[in-house]
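Just the heavy atoms: all of them, side chains too, but no hydrogens, waters or symmetry mates, feed the values below.
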Amino acid sequence: MKTLLFKIVVLGVLDAIAVASILVLAAKGDWIVTGIVAVVTVGLNYIYLRPGLLPAKYLAPGLVFLAVFQIFVVLYSGYIAFTNYGDGHNSTKEDAIAAIELAAQKRVPDSPAYQLTVLEQGGAFSFLVTDPDGEVSLGGVDRPLERVDDYGTDATGKADSVPGYTTLGFTDLVQYQSEIAGMSVPVSDDLSDGVLRTPDGSAAYLYRASLVYDEQADTFTDAETGVVYRDDGHGSFTSEAGRSLVPGWKIDVGFENFARAFGEPSIRGPLLGVLVWTFAFAILSVLTTFALGLFLAIVFNDWRMRGRKIYRVLVILPYAFPAFLSGLVWLGLLNQDFGFVNQVLFGGAPIPWLTDPWLAKVSVLMLNLWLGFPYMFLVCTGALQSIPDELMEAARVDGARPWAVFRLIKLPLLLVSVAPLLISSFAFNFNNFNVIYMLTGGGPRNPSAGVDAGATDLLITLVYKVAFGSGTGRDYGLASAFAIIIFIVVAIVSAIGFRRTRALEDLN
């Protein structure tokens, strides 16, 4: 009975959240998402209220979280790759038009000052203005000024109150300064007559838009120069001279982002360079960490070595520390001016470990070797201990030398166990964000690149900088296209690698 009650309470809470979400989504017109939420909610209630269906009861939560945090993210990223979503193109056309009109408002020269009192009603602010002729009007952002007759005045004769409204004092004006300063109250139903704006809440001034929008022609016209800006089909209003108004809006662009990635020389060159370095970094990282980890595993697996348990603990210490902390430590060690490496090991030589393109590559490989070899050491130690000693003994009795035993017996048997881990290690290093970003930030930067690409950037850090960086603006569409490229490359390499692994297993 308690279990049933608990189940009903939990489902009741989830259903309440789902119903609230459905109402919000329906109000916004997101009918597809509304339908998905409704179907999932009904499905969960059916699964947990109906007797039986035990496997579904255990699988349902995992499937829901998988859909929300994995499948949805992948599908949404794929969708963004086919749009121009980014800085200046992150909303609808209607929002862009409103933003352009707001940004184009300029104070009318010699505009008279309107005495102003800011009022509040139901959480919305209004302007109570007294014009130079003494006429009193009231209006808001969505309400043009209208004359009022029932109002109170202060000692100077300025209107300062209206029945049903609360007058904001000095403290309130300071608290809501940004909201009040951002208000634009139309002086009439015709926006071309201008709007009133205030810098301080005590006086308002007349502003008119320098850009006038023609809804019928879908154009903006500069009131001063007469230049016309038209919808260019790429999410912007653009003049014949090629100047675009900001902001634009989000539209579907098809394969344009992929065409930019491989078609524009300023992007294609850096992208191919980053792709080559990403493969080189991943391959060299796997080879070097595996070689050092295997060497130490063989050395410490010899029963004749004393204190090998202590050595094993010391070897895995780099693996126990967070990668970003190790990156910060190495950042200090490799500092050109006062780093330990230059000052102590090289006698104060100003070696530019992090600013020279090739030395920066060497630096990130050294850091990744330091972080990665303990993992390979642990994997290889376990694999070596699983190889029967009888095979080694039989080979030695037959006269095989140590190198032959390792090359012909140990290594093939070892690869059968660790080959899938080497493939996963390649995939991990292909997207090894921490090492690159914490040590070099992807630099040193290539100044000729059309994107914020550096000598040590991997594809994953390039995606991050294109999406969230500040060098060339945020371009989520192009970044998502790069992300799809990463997915395709890693999938192909993994498929080939696992096929080779199965072939290796068949040979053994």
Can you give me the closest heavy-atom contact between [X] and [Y], atom names plus distance?
{"X": "Phe430", "Y": "Ala282", "value": "N-CB, 3.9 Å"}
{"X": "Arg407", "Y": "Pro412", "value": "O-CD, 3.3 Å"}
{"X": "Gly441", "Y": "Asp457", "value": "O-OD1, 4.3 Å"}
{"X": "Asp356", "Y": "Leu359", "value": "OD2-N, 3.0 Å"}
{"X": "Leu384", "Y": "Lys410", "value": "CD2-CD, 4.4 Å"}
{"X": "Gln385", "Y": "Arg312", "value": "NE2-NH2, 3.7 Å"}

Between the main-chain N or O of [Y] and the side-chain N or O of [X], is there a donor-acceptor pair closer than 3.5 Å?
{"X": "Ser21", "Y": "Ile17", "result": "yes"}
{"X": "Lys361", "Y": "Ala455", "result": "yes"}
{"X": "Asp95", "Y": "Ser91", "result": "no"}
{"X": "Thr456", "Y": "Gly442", "result": "yes"}
{"X": "Ser424", "Y": "Leu421", "result": "yes"}
{"X": "Gln343", "Y": "Asp337", "result": "yes"}
{"X": "Arg268", "Y": "Gly263", "result": "yes"}
{"X": "Lys57", "Y": "Ile47", "result": "yes"}

Report task. Give me the one residue out of Val315, Asn301, Thr381 that meets side chain to side chain contact (heavy atoms under 4.5 Å, CB included) with Leu296. Result ->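 Option passing the side chain to side chain contact (heavy atoms under 4.5 Å, CB included) with Leu296: Val315.
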Could you tell me whether [X] atom [atom1] has more than 12 heavy atoms of other residues or ligands within 6.0 Å of it?
{"X": "Ile310", "atom1": "CD1", "result": "no"}
{"X": "Glu240", "atom1": "CD", "result": "no"}
{"X": "Glu215", "atom1": "CD", "result": "no"}

Measure the [atom1]-[atom2] distance between [X] and [Y] for me, rounded to the nearest 0.5 Å.
{"X": "Ile32", "Y": "Leu25", "atom1": "CD1", "atom2": "CG", "result": "12.0 Å"}
{"X": "Phe72", "Y": "Tyr79", "atom1": "CZ", "atom2": "OH", "result": "11.0 Å"}
{"X": "Asn257", "Y": "Asn84", "atom1": "CG", "atom2": "CG", "result": "8.0 Å"}
{"X": "Leu292", "Y": "Leu369", "atom1": "CG", "atom2": "CG", "result": "5.5 Å"}
{"X": "Ile387", "Y": "Leu413", "atom1": "CD1", "atom2": "CG", "result": "5.0 Å"}
{"X": "Ser236", "Y": "His234", "atom1": "OG", "atom2": "NE2", "result": "9.0 Å"}

Query raised in the report: Should Asn368 and Ser285 be marked as a side chain to side chain donor-acceptor pair (under 3.5 Å) after you check the CA-CA gap, both sets of side-chain angles, and the distance that decides it?
Result: CA-CA 7 Å; Asn368 207 38; Ser285 294; 2.9 Å; yes
Query raised in the report: Can Tyr229 and Arg243 be said to form a side chain to side chain contact (heavy atoms under 4.5 Å, CB included), step by step?
Result: CA-CA 8 Å; Tyr229 297 84; Arg243 181 176 178 270; 2.6 Å; yes
Flag side-chain contact, heavy atom, 4.5 Å: [X] against [Y]:
{"X": "Asp214", "Y": "Thr221", "answer": "no"}
{"X": "Asn432", "Y": "Ile436", "answer": "no"}
{"X": "Leu459", "Y": "Leu275", "answer": "yes"}
{"X": "Leu14", "Y": "Val10", "answer": "yes"}
{"X": "Met438", "Y": "Trp330", "answer": "no"}
{"X": "Ile423", "Y": "Val286", "answer": "no"}
{"X": "Trp249", "Y": "Glu94", "answer": "no"}
{"X": "Phe82", "Y": "Asp252", "answer": "no"}

Cationic N near anionic O, under 4.0 Å, [X] to [Y]:
{"X": "Asp231", "Y": "Lys93", "result": "yes"}
{"X": "Asp452", "Y": "Arg445", "result": "yes"}
{"X": "Asp475", "Y": "Arg260", "result": "yes"}

**Report entry** side chain to side chain donor-acceptor pair (under 3.5 Å) between Thr34 and Asp30, worked out
**Finding:** CA-CA 6 Å; Thr34 301; Asp30 294 333; over 6 Å; no
Query raised in the report: Judged by modelled atom types alone, do Ser480 and Ser77 share a side-chain donor-acceptor pair under 3.5 Å?
Result: no
Check the orientation of [X] and [Y]. Use parallel for under 30°, tilted for 30 to 60°, and perpendicular for over 60°.
{"X": "Phe377", "Y": "Phe300", "value": "perpendicular"}
{"X": "Phe237", "Y": "Tyr213", "value": "perpendicular"}
{"X": "Phe258", "Y": "Phe255", "value": "tilted"}

**Report entry** Evaluation steps, side chain to side chain donor-acceptor pair (under 3.5 Å), between Trp353 and Asn342
**Finding:** CA-CA 9 Å; Trp353 292 104; Asn342 282 353; 2.8 Å; yes
Requested in this report: Test Phe433 against every option in Phe324, Phe428, Phe281, Tyr464 by the ring pair (Phe, Tyr, Trp, His ring centres under 6.0 Å) rule and name the one that passes.
Outcome: Tyr464
Query - Test log, rule side chain to side chain contact (heavy atoms under 4.5 Å, CB included), inputs Ile251 and Val253 - result: CA-CA 6 Å; Ile251 61 171; Val253 296; 4.0 Å; yes
Requested in this report: Please report the C-alpha distance between Ile71 and Leu75 in whole Å, then the side-chain angles of each, then the deciding distance to 0.1 Å, and finally whether the side chain to side chain contact (heavy atoms under 4.5 Å, CB included) criterion is met.
Outcome: CA-CA 6 Å; Ile71 298 176; Leu75 293 178; 3.8 Å; yes
Requested in this report: Test Phe482 against Val466 for side chain to side chain contact (heavy atoms under 4.5 Å, CB included), laying out the working first.
Outcome: CA-CA 9 Å; Phe482 288 163; Val466 170; 4.0 Å; yes
Query raised in the report: Can Tyr476 and Tyr85 be said to form a ring pair (Phe, Tyr, Trp, His ring centres under 6.0 Å), step by step?
Result: CA-CA 5 Å; Tyr476 302 120; Tyr85 189 35; 5.0 Å; yes
